[in-house]
2 protein chains.
Amino acid sequence: MQKYGGSSVADAAGIKRVAQRIVNTKKAGHQVVVVVSAMGDTTDELIDLANEVSPLPPARELDMLLTAGERISMAVLAMAIQNLGHEARSFTGSQAGVITDAEHGRAKIIDVTPGRIEAAIGEGAIAIVAGFQGVSQTTKDITTLGRGGSDTTAVALAVALEADVCEIYSDVDGIFTADPRIEPRARKVPRISYEETLEMAAQGAKILHLRCVEYARRYGMPIHVRSSFSEKEGTWVVKAEDVVQEEGSMEAAIITGVAHDRSQAKITVVGVPDKPGEAAAIFRAVAEAQINIDMIVQNVSAAATSLTDISFTLPRGEGQTAMTALSRLQETVGFDSLQYDDSVGKVSIVGAGMSSSPGISARFFEALSEAGVNIEMISTSEIRVSVVVAETQVEAAVNAAHAAFDLGSDEIEAVVYGGTGR
Amino acid sequence: MQKYGGSSVADAAGIKRVAQRIVNTKKAGHQVVVVVSAMGDTTDELIDLANEVSPLPPARELDMLLTAGERISMAVLAMAIQNLGHEARSFTGSQAGVITDAEHGRAKIIDVTPGRIEAAIGEGAIAIVAGFQGVSQTTKDITTLGRGGSDTTAVALAVALEADVCEIYSDVDGIFTADPRIEPRARKVPRISYEETLEMAAQGAKILHLRCVEYARRYGMPIHVRSSFSEKEGTWVVKAEDVVQEEGSMEAAIITGVAHDRSQAKITVVGVPDKPGEAAAIFRAVAEAQINIDMIVQNVSAAATSLTDISFTLPRGEGQTAMTALSRLQETVGFDSLQYDDSVGKVSIVGAGMSSSPGISARFFEALSEAGVNIEMISTSEIRVSVVVAETQVEAAVNAAHAAFDLGSDEIEAVVYGGTGR
């Protein structure tokens, strides 16, 4: 099973290059099923067209429209493979048996019945499947899976077909100890657990979508994240026990990588009366506005006033909505004011080894302090420590953490080729 | 039932205009099913893309690719209608129940099972259906219907849904007594029989494809050919008996129109031995090369030599193939030489009235003679007389015939808006 993102098939030249890779895999004796995204900017162009006729395009029709993108890329890829002398057949999500619920634009896969794919590969053909799309079990309408949909299609088909591995191709070489664009000594991680990958993704690393990693973890499907522009091995995402075993050492690295995220904003509710129910009212209002909040910090109340401050982070795109929802509460809750700060960033260290190694947080905070980085908020999980800092200090924080945990390689090995697929 | 061609939905503005027309029809109390072609040049762009990766794209994948074109136009049209406050749902050929054989690129409709369309219009929605496409009954692969496919989809669905009428919208106002671009006095024909329409189409008139007219004739479905750019009545294509009745006169016009065709070439085989089997050998060779020949003329043989000349017309695009196939026969058949002439044109008069009116051919030839037009070949049917003339004389021949049968109107009423759909 291989999956190619939109940047890998951006134009005819890219499609020919990918076709050759697929043929090479086939020649090496493998049965090959390929999931493909829409070419380059096709999806954005289709959305622009929709917006030209309708300010709020109906979800069913938007799905019908957007699925034309993968239809084009998969057919052209199949042609390119046949032109190299190998049988290839393209299949829509519906034809490939990707059965979903009826939630247009963010459908969930509820079953995969890949009978036609099995028949095609059984006859020696290469099967090309449209990512990102399926068909509703109840309405029989065409659906799209939303963010991370193509990666998820690939993993779901790999599981249904009992593939050995799901290779996910993009324009980066794998998962790195930090973003190579801001940490030049970042090193490619050869193997990483599903859990660490989930934490890295949740904390802003942009390689794999949470959803496809969760699917792979549930069924134990190994993912090989690699570049379609090089032949190098990428990063294997596998079960935690397989990471340790294959590293050939009982002492795996304590910290796997440093993730950062510049997409967050911070809201502080100043002067909240420190009595039961006030915080609940605030977060209920935010939840009702469909805002996803991330980290929360509540200061201890000043004894003299019995007032407290509550801060939380959220995606910047949802900042305006949240501020509006909270403003309406000012009178009933009785807080003093609202502060909005979109010049923050989040830096996280992730590693399965930290749960059994005391002092990790201390070493992280010490490194930040020595680098002159001021910590505004902190949150932790079993395998992660995150801090919110000023956006201008994100780079310094990443570099300091990377050095403190000895993650760097001696040479620069990262190559970043361009954008990412969907 | 309405069908809109590619030029009617060439861009967002065109789609909005068509959406408004459809809504007007719905508001007038009709249930509406719309068949739509791909937007403007989409199909050509997709073919270009295919040719970039493969000199001879496999037919199954080419169908998969091209059907993305209608998928885009139908979804965007449904959005535009919903934006006007009316429920609209788009359906692919497969979803609309257009069942075909497995001949990719030129599939034939073998059944129409429009259950989902009936359900949609039963719930008060407007159904938008992709033209030109279907699904193979045997392989379940997506097929395209080839030339005239969208018009044929519209008529086939109209028949299956027992629609009152199939309206076919393009950028011309209807069927004219001659091409208004070369005959300024051409008059729009209010009603015309299926048979006459078939002859007009076969002789080069570019309004409707033969295939959709044949389908409509078989089931007696009235077609209303009209422009999406105006509100005027167009031309009704109906049963022959309905033309006479509704004209309000027992004496219908003898000649309905003049068609012309500049796409033909003429091949003359010079000096063929005049004995049994020679002509058969020549036409067998042409047939085996898959060439469609149209008119044939064999001169009487010159008594002294027992040699004869055989001339026939064929589409210009097939001229080279035919000449090559015939060259191979020169030795066995023993003819003198081959002449190829692609500077010819065909002009035809069509009319159901002519079978009962003697002297029509004579009047036609006389008019041509008076206009100084030299006739190279002649062929006739029950309701048609065609002549081959030099291409430079086509316009003069059309004008002469138009005047001779008194087809013109007193004022110029034809408006031609642009290209045509598929």
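Letters A, B, ... mirror the listed sequences (proteins, then strands); counts begin at 1. Model, not experiment: these values are computed from the prediction.
Using a 4.5 Å cut-off between heavy atoms, B/Thr139 contacts chain A through its backbone alone, with no side-chain atom that close. At a 4.5 Å heavy-atom cutoff, the contact between A/Arg89 and chain B is made by backbone and side-chain atoms alike. For A/Ile72, the parts lying near chain B are the backbone and the side chain together; criterion is any non-hydrogen pair under 4.5 Å. At a 4.5 Å heavy-atom cutoff, the contact between A/Ala88 and chain B is made by backbone atoms alone. Heavy atoms closer than 4.5 Å to chain B are found in the side chain of A/Leu46, but not in its backbone. Neither the backbone nor the side chain of A/Asp63 comes within less than 4.5 Å of any heavy atom of chain B. Residue contact with chain B, scored on non-hydrogen atoms closer than 4.5 Å, involves the backbone and the side chain of A/Leu62 alike.
Atom OG of residue A/Ser73 and atom CG of residue B/Leu49 lie 9.5 Å apart, to the nearest 0.5 angstrom. To the nearest 0.5 Å, atoms CZ (A/Phe91) and CG (B/Asp141) are separated by 7.0 Å. Here the straight-line distance linking atom CE of A/Met79 with atom CG of B/Leu65 works out to 4.5 Å at 0.5 Å rounding.
Within the 4.5 Å cutoff, no side-chain heavy atoms of B/Pro57 are placed close to those of A/Gln82. B/Arg71 has its side chain within reach of A/Thr67: a pair of non-hydrogen atoms, C-beta onward, lies under 4.5 Å apart. Residues A/Val76 and B/Glu61 are not in side-chain contact: their nearest non-hydrogen atoms beyond the backbone lie 4.5 Å or more apart.
A 6.0 Å sphere centred on CD1 of A/Ile110 holds more than 12 heavy atoms belonging to other residues, nucleotides or ligands. Counting non-hydrogen atoms of other residues, nucleotides and ligands closer than 6.0 Å to CZ of A/Arg106 gives a total of 12 or fewer. In the displayed structure, A/Gln20 atom CD is contacted under 6.0 Å by more than 12 heavy atoms of other residues, nucleotides or ligands. Residue-environment remark: CD (A/Glu45) exceeds the threshold of 12 foreign heavy atoms within 6.0 Å.
Per-residue counts of heavy-atom pairs under 4.5 Å with chain B were compared for A/Met39, A/Gln95, A/Arg116; the largest is that of A/Arg116. Note on A/Ala12, A/Ala80, A/Ser54, A/Ala13: by heavy-atom pairs under 4.5 Å with chain B, the leading option is A/Ser54. With chain A as partner, the option from B/Ala75, B/Ala78, B/Ser90, B/Ala68 having the largest number of non-hydrogen pairs under 4.5 angstrom is B/Ser90.
In terms of heavy atoms, A/Glu52 sits closest to B/Lys16 at O-CE, 3.0 Å. Heavy-atom minimum distance, A/Asn83 versus B/Pro55: OD1-CD, 3.2 Å.
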